[in-house]
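All remarks here apply to the structure that follows.
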Protein chains: 2
Amino acid sequence: MTIDRFDPTPIYLQIAAIIIKRIWQGDLETRDPIPSESQMVTEYGIGRETARHVVAHLREQGWVFTIARRGTYVAPRDQWPTGER
Amino acid sequence: MTIDRFDPTPIYLQIAAIIIKRIWQGDLETRDPIPSESQMVTEYGIGRETARHVVAHLREQGWVFTIARRGTYVAPRDQWPTGER
DNA sequence: GAGAATTTGTACGTATGTATG
DNA sequence: ACATACATACGTACAAATTCT
């Protein structure tokens, strides 16, 4: 899975979709840490604001929760969005 | 009302508090536009992301709603947070 | 316990795109 | 055509808390 810079879909949504897929497929389970902002920056070649946008989006959707200065983790199943499966 | 850079309170929260006070005092009413990002940038001498952060915060709290590429406006009273009055 | 590395938080700068008035 | 305004995105920097060595 990688991002497509010619796809008009915003990069932050493309990466969010990748992570959601990993969660949904069980590759990332509840309380597992998702990739850190720095990891996203280096792995996808994006800026940090974009990485933060990914996390903010996933958090708003209920996929993850963040503990300040520790990390961001997969939320319990019952907090996941209902419409996207 | 102005911001205090020696106050450890984040600038975006200081400005949000100013705007909330203006809403609560009736200076800004439902459907009135709040100051634009650019206005905040110039009036408070802050950066763009900080201004965006102010707006995002107010939106998350239910004080305002944003119409893409038009502006951000004071939300109806019944959407305001309940704890802060 | 000390110090380094990691990670998120905050903040400013800059640029381009796109829609509206 | 132009100004306004939000959306997206990269770059940079430092702070603060946590985790690792």
Side-chain angles (χ1 to χ4, degrees), chain A residues 1-20 22-23 28 30-75 79, chain B residues 1-20 22-23 28 30-75 79:
Chain A
M1 281 295 271
T2 181
I3 62 176
D4 176 6
R5 298 213 171 236
F6 296 98
D7 186 336
T9 306
I11 291 170
Y12 81 93
L13 286 181
Q14 293 187 41
I15 298 177
I18 293 172
I19 293 175
I20 290 170
R22 290 185 60 191
I23 293 173
L28 290 172
T30 297
R31 281 185 294 282
D32 281 350
I34 70 168
S36 73
E37 295 174 3
S38 318
Q39 281 179 314
M40 291 189 210
V41 167
T42 55
E43 287 180 26
Y44 294 107
I46 60 176
R48 189 170 171 215
E49 187 184 273
T50 307
R52 285 180 62 74
H53 206 338
V54 173
V55 177
H57 179 77
L58 292 172
R59 199 164 41 225
E60 284 161 17
Q61 300 289 304
W63 290 107
V64 302
F65 61 96
T66 296
I67 300 177
R69 296 175 191 88
R70 280 190 49 190
T72 298
Y73 307 87
V74 177
Q79 291 181 30
Chain B
M1 281 293 272
T2 180
I3 61 175
D4 177 5
R5 301 219 169 229
F6 296 98
D7 186 335
T9 306
I11 290 172
Y12 82 92
L13 286 181
Q14 292 186 42
I15 298 178
I18 292 172
I19 294 174
I20 290 170
R22 290 184 60 191
I23 293 174
L28 290 172
T30 297
R31 283 186 292 280
D32 281 351
I34 70 168
S36 73
E37 293 180 0
S38 317
Q39 279 180 315
M40 292 190 210
V41 167
T42 56
E43 287 180 26
Y44 294 107
I46 61 176
R48 214 191 136 81
E49 189 183 271
T50 307
R52 277 175 41 73
H53 209 338
V54 173
V55 176
H57 179 77
L58 292 172
R59 196 165 43 226
E60 284 162 16
Q61 299 289 305
W63 291 106
V64 303
F65 61 96
T66 296
I67 301 177
R69 295 171 198 87
R70 281 191 49 191
T72 298
Y73 307 89
V74 177
Q79 292 180 30

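Computed from a prediction, not measured in an experiment: that's the story for all the values here.
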Length of the [atom1]-[atom2] vector between [X] and [N], whole Å:
{"X": "Tyr73(B)", "N": "dC6(D)", "atom1": "OH", "atom2": "C1'", "result": "11 Å"}
{"X": "Glu49(B)", "N": "dA13(D)", "atom1": "CD", "atom2": "P", "result": "16 Å"}
{"X": "Gln14(A)", "N": "dT8(D)", "atom1": "CD", "atom2": "P", "result": "13 Å"}
{"X": "Arg52(B)", "N": "dA15(C)", "atom1": "CZ", "atom2": "C1'", "result": "14 Å"}
{"X": "Arg59(B)", "N": "dA5(D)", "atom1": "CZ", "atom2": "P", "result": "16 Å"}
{"X": "Ile3(B)", "N": "dT10(C)", "atom1": "CD1", "atom2": "P", "result": "15 Å"}
{"X": "Leu58(B)", "N": "dC6(D)", "atom1": "CG", "atom2": "P", "result": "12 Å"}
{"X": "Arg70(A)", "N": "dC20(D)", "atom1": "CZ", "atom2": "C1'", "result": "13 Å"}

To the nearest 0.5 Å, tell me how far [X] [atom1] sits from [Y] [atom2].
{"X": "Ser36(A)", "Y": "Glu43(A)", "atom1": "OG", "atom2": "CD", "result": "8.0 Å"}
{"X": "Thr66(A)", "Y": "Glu37(A)", "atom1": "OG1", "atom2": "CD", "result": "8.0 Å"}
{"X": "Thr72(A)", "Y": "Arg52(A)", "atom1": "OG1", "atom2": "CZ", "result": "9.0 Å"}
{"X": "Ile15(A)", "Y": "Thr2(A)", "atom1": "CD1", "atom2": "OG1", "result": "8.5 Å"}
{"X": "Ile11(A)", "Y": "Met40(A)", "atom1": "CD1", "atom2": "CE", "result": "13.5 Å"}

Quiz item: When you measure from every atom of DNA chain C, which of residues 35-46 of chain A have a heavy atom less than 4.0 Å away?
Solution: Ser36(A), Glu37(A)
Exercise. Answer yes or no: does a side-chain N or O of His53(B) lie under 4.0 Å from OP1 or OP2 of dA11(C)?
Key: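 Indeed not, no polar side-chain atom of His53(B) lies that close.
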Exercise. Respond yes when some side-chain nitrogen or oxygen of Tyr12(A) is under 4.0 Å from OP1 or OP2 of dA9(D), and no when none is.
Key: no
Quiz prompt | Residues in side-chain contact (heavy atoms from CB on, under 4.5 Å) contact with Pro33(A), at least two apart in sequence or another chain | solution = Tyr73(A)
I'd like a table of atom pairs between the protein and nucleotides 14-17 of chain D - only N or O on both sides, under 3.5 Å - with the distance next to each one.
unit_1  : atom_1 : unit_2   : atom_2 : d
dA16(D) : N3     : Arg69(A) : NE     : 3.2

Quiz item: Is there a Watson-Crick or G-U wobble partner for dC10(D) with both distances under 3.5 Å, and which nucleotide is it?
Solution: dG13(C)
Exercise. Fit a plane to each ring of His53(B) and Tyr12(B), take the angle between them on a 0 to 90° scale, and name the class: parallel (under 30°), tilted (30 to 60°) or perpendicular (over 60°).
Key: parallel
Exercise. May I ask you to decide if Ala75(A)'s main-chain N or O and Thr30(A)'s side chain share a donor-acceptor pair within less than 3.5 Å?
Key: yes
Practice problem: Evaluate the criterion side chain to side chain contact (heavy atoms under 4.5 Å, CB included) for residue pair Leu28(A) and Trp63(A); output intermediate values, then yes/no. | Solution: CA-CA 11 Å; Leu28(A) 290 172; Trp63(A) 290 107; over 6 Å; no
